Amino acid sequence: MLLLVAVAYGLGATRIPSQAGEPGPGFMPMALALLLAALSLAIAVGGLRRRVRTDANGEAPSDPPRTVSASAGSLSRDAAKPWSASIATIAYAALFQPLGFVLSTLAYSGYLTSLFTEDRKLRVSVPIFVALALFVFFRVALGVRLPTGLLGL
Amino acid sequence: MTPELLLAPELLPFLVGGVLLGIVVGAVPGLTATLAISLLLPLTYQLAPLPAIVMMTGIFTGGIYGGSIAAITLRMPGAPASAMTMLDGYAMAQRGKAGSAIALATFSSFVGGIFGGVVLVLFAPQLARVALTFQSPEMFALVVLALIAVATVSRESLPKSMTATVIGLMLATVGIDRLVPVPRYTFASVDLLVGVPLIPVVIGLFAVTELLHQSGESGEAVRPSEAQPGLGAGRLAALWSDARSVRIGVWVKSPIIGTLVGALPGAGAAMAAFLSYSEAKRSSAEPERFGSGVPEGIVAPEAANNAMTGGAFIPMLALGIPGDAVTAVILGGLVVHGITPGPQLFGEASELLAQLFGAYFWSYVLILVFGLALIPVFVRITRVPRGILFPVIGSLAIVAAFTSEGTTFAMYLTAGVGVLGFVLRRYGYPLIPVLLGLILGPMLESNLRRSLILSQGDATVFLRSPIAAGLLLAAAAFPLLMLRRRRIDS
């Protein structure tokens with residue numbers, strides 16, 4: 001994956017106009033692409049050597065530590081949460097202008113609350129608190145212009 | 001120190017307001033002292049020059065200190081300069097010692113700040129002249145040393161740390177080239193023409209990454225309760241004990257590194273903290289303990305980045321050259337109020353300077369008092385349930401990104417960098433070198449290319465300067481020393 005990034009970045013560097021006789025704007029990107037390619041190979045070789053050593057010693061490959069949960073179902077649910085939170089964060093950015101600060105923040109903080117707690121009272125009260133507190137802090141105290149959106153607030 | 005350094009009583013409310021505002025904006029990820037001073041600048045038009053300058057000084061010093069609070073309690077540096085404090089500060093908080101970590105950060109900020117101030121008062125014109133001897137080859141060598149030092153001292157493997165640094169440097173190449181007006185990697189986006197903005201990246205890399213990481217963990221983190229939750233004799237005794245456990249060399253070297261880096265135009269607080277932490281870890285008999293919550297891992301970056309505030313005033317006042325973004329805004333504020341910094345300032349405006357220096361010293365006294373007094377409040381942040389804490393942090397982080405740039409592009413960037421940080425962290429890549437690469441990338445590239453252009457492509461230009469050669473030698477020796485140490489330890 002890193003090697004692919006290095007190749008793509010390096011190809012981008014070749015398209016930057018260069019100047020004869022001196023290091024131009026493409027000099028640093030090309031140097032970084034080569035360095036990244038070399039590092040990605042070093043990491044891949046290091047990983048292979050570790051695997052060979054592990055196989056030779058007859059040890060089980062070590063997995064990164066995971067949070068122990070009650071069941072396999074909850075483990076996969078927990079594993080999916082960061083990705084659903086990522087999508088929610090990008091969706092928050094997308095809906096910030098059209099929906100406005102208040103509605104989009106209510107929705108986003110509501111979703112995050114549901115990810116972190118089962119408590120129904122918190123699931124209702126926290127989003128309201130977050131939207132109100134951030135509105136007061138940014139709009140009223142700091143005078144930041146926030147998108148008004150559908151509510152006109 | 002002359003008696004004039006005692007601040008006029010009528011200026012004290014402005015200083016208190018500035019310090020408190022600085023601590024608050026510094027503690028909130030995404031809000032920086034630069035932003036606070038920029039927002040406040042129009043308000044200071046109504047004030048006389050002295051109160052305005054005193055207030056800006058308070059925001060500057062309070063903002064640098066405040067960044068450490070969120071780094072320790074939430075693993076989210078309030079400012080880039082606090083990223084190194086996060087490593088050991090958060091580890092201490094996880095062991096139920098958040099109060100001790102904040103007390104130590106407060107005390108080392110005080111020590112570093114006072115040291116930087118003493119140097120500012122006694123040696124400003126001389127140091128400013130020394131700083132001017134740092135031309136492109138020397139600055140390039142200094143940046144190389146900082147990048148290699150931080151990548152080397154990371155707990156993760158050297159290739160992964162170097163890869164993280166390269167990713168940061170790659171992000172720094174986005175935008176219009178600084179020497180030739182050519183766009184690079186902008187993908188026809190107007191938002192990317194000025195480059196990748198720093199604040200959304202800091203928020204994404206630490207706040208959003210932590211949010212994503214925590215969302216995949218189940219249950220509340222169980223932390224031992226603080227043995228000494230409030231402020232009292234026990235807290236001060238514990239602080240004294242922690243402070244005494246730190247090597248005297250760290251207490252001495254860190255403020256010196258911070259002041260010197262601050263005096264170099266463009267280097268900034270983050271580089272001061274990164275270099276100081278790296279040096280503390282390199283010189284330690286137990287470098288492997290860094291990152292697990294050792295007091296030296298807090299003292300080194302905090303003493304350095306606060307000493308930097310004094311150092312940063314030196315080129316600004318003595319030469320009219322700002323040392324970093326905040327002092328650039330303060331410089332603008334001084335000029336708005338009819339004060340022209342430069343060598344003549346030290347002869348002409350001695351009363352103004354005395355009050356400025358007084359404000360600087362008193363701001364650190366206030367930081368010590370407020371910092372220690374507010375420990376119980378800060379510690380309470382670590383006890384907030386995840387169901388409340390992370391919705392607040394997530395929404396705050398994204399809105400702060402919007403505020404910092406005024407565009408929804410900044411929000412997308414924050415979200416994207418957060419996902420990138422989450423993936424990197426999952427596969428064992430450190431995040432701090434990414435940040436350092438982004439911060440120092442422009443300095444690295446422009447000084448490298450400028451040196452080569454001026455020397456007509458002769459790479460020995462870096463070896464002809466004794467300072468540059470020495471710094472490059474140190475950069476080469478750093479990984480060798482650390483590898484040798486690791487081999488001996490293992």
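Nothing here was measured: the structure is a model prediction, and the numbers come from that model. Chain naming here is simple, since letters A, B, ... match the order of the sequence lines and numbering starts at 1 in each.
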- Task: Could you look at Ile16(A) and say if it's the side chain, the backbone, both or neither that has a heavy atom under 4.5 Å from chain B?
- Result: side chain
- Task: Let me know if Leu134(A) has heavy atoms under 4.5 Å from chain B in its side chain, its backbone, both or neither.
- Result: side chain
- If you take all heavy atoms of Met411(B) and Ala93(A), which pair is closest and at what distance? CB-CB, 3.7 Å
- Between Phe390(B) and Val126(A), does a side-chain contact (heavy atoms from CB on, under 4.5 Å) hold up when you go through it step by step? CA-CA 10 Å; Phe390(B) 285 104; Val126(A) 169; over 6 Å; no
- Query: If every non-hydrogen atom of Leu32(A) is compared with every non-hydrogen atom of Met170(B), which pair is closest and at what distance?
  - Reply: CD1-N, 3.9 Å
- Message: If I measure from the heavy atoms of chain A, does Leu169(B) come under 4.5 Å with its side chain, its backbone, both, or neither?
- Response: both
- Given that the side chain runs from C-beta out, which part of Val174(B) has a heavy atom under 4.5 Å from chain A: side chain, backbone, both or neither? neither
- Task: Inspect the surroundings of CZ in Phe129(A) and state if more than 12 heavy atoms from other residues, nucleotides or ligands are less than 6.0 Å away.
- Result: no
- Item | Toward chain A, the part of Leu448(B) with a non-hydrogen atom under 4.5 Å | side chain
- Message: Rounded to the nearest 0.5 Å, what separates atom CG in Leu112(A) from atom CD in Gln214(B)?
- Response: 12.5 Å
- With chain A, the option among Val399(B), Ile167(B), Leu389(B) that has the most non-hydrogen atom pairs under 4.5 Å is Val399(B)
- Message: Can you tell me how far apart OG (Ser109(A)) and CD1 (Ile393(B)) are? Round to the nearest 0.5 Å.
- Response: 13.0 Å
- Note on the structure: If you tally heavy-atom pairs under 4.5 Å between each of Ile43(A), Leu122(A), Thr117(A) and chain B, the highest tally belongs to Ile43(A)
- Can you see which heavy atom on Tyr185(B) is nearest to which on Pro29(A), and at what distance? OH-CB, 3.4 Å
- For each of Phe96(A), Tyr9(A), Tyr92(A), tally heavy-atom pairs with chain B at distances under 4.5 Å, and name the one with the top tally. Tyr9(A)
- Item | Among Asp119(A), Val5(A), Leu115(A), Leu36(A), residue most engaged with chain B (heavy-atom pairs, under 4.5 Å) | Leu36(A)
- Are Ile388(B) and Phe116(A) close enough, and set up right, to give a side-chain contact (heavy atoms from CB on, under 4.5 Å), and what steps lead you there? CA-CA 8 Å; Ile388(B) 299 172; Phe116(A) 285 100; over 6 Å; no
- Query: Based on non-hydrogen pairs under 4.5 Å, which of Val392(B), Thr403(B), Leu444(B), Leu452(B) is most in contact with chain A?
  - Reply: Thr403(B)
- Query: In terms of heavy-atom pairs under 4.5 Å, which option from Thr408(B), Thr414(B), Val419(B) contacts chain A the most?
  - Reply: Thr408(B)
- Say whether, by atom type as modelled, one donor and one acceptor occur between the side chain of Arg449(B) and the main chain of Pro23(A) under 3.5 angstrom. yes
- Message: At a heavy-atom distance under 4.5 Å, which candidate from Ala94(A), Ser40(A), Ala31(A), Gly26(A) has the highest pair count against chain B?
- Response: Ala94(A)
- Contacting moiety of Phe402(B), where chain A heavy atoms sit under 4.5 Å: side chain
- Message: At a 4.5 Å cut-off on heavy atoms, which part of Arg145(A) comes close to chain B: side chain, backbone, both, or neither?
- Response: backbone
- Here the pair of heavy atoms bringing Ala85(A) nearest to Ser215(B) is CB-OG, 4.1 Å
- Message: Which atoms of Tyr111(A) are under 4.5 Å from chain B, going by heavy atoms: the side chain, the backbone, both sets, or neither?
- Response: neither
- When the 4.5 angstrom heavy-atom criterion is applied to Phe422(B) and chain A, the contacting part is side chain
- Message: Given heavy-atom pairs under 4.5 angstrom as the criterion, report whether the side chain, backbone, both or neither of Ala88(A) touches chain B.
- Response: neither
- Identify which part of Tyr427(B) has an atom lying under 4.5 Å from any heavy atom of chain A, answering side chain, backbone, both or neither. neither
- Item | Separation of Leu211(B) CG from Ser86(A) OG (nearest 0.5 Å) | 8.5 Å
- Query: Where does Val182(B) contact chain A at under 4.5 Å (heavy atoms): side chain, backbone, both or neither?
  - Reply: side chain
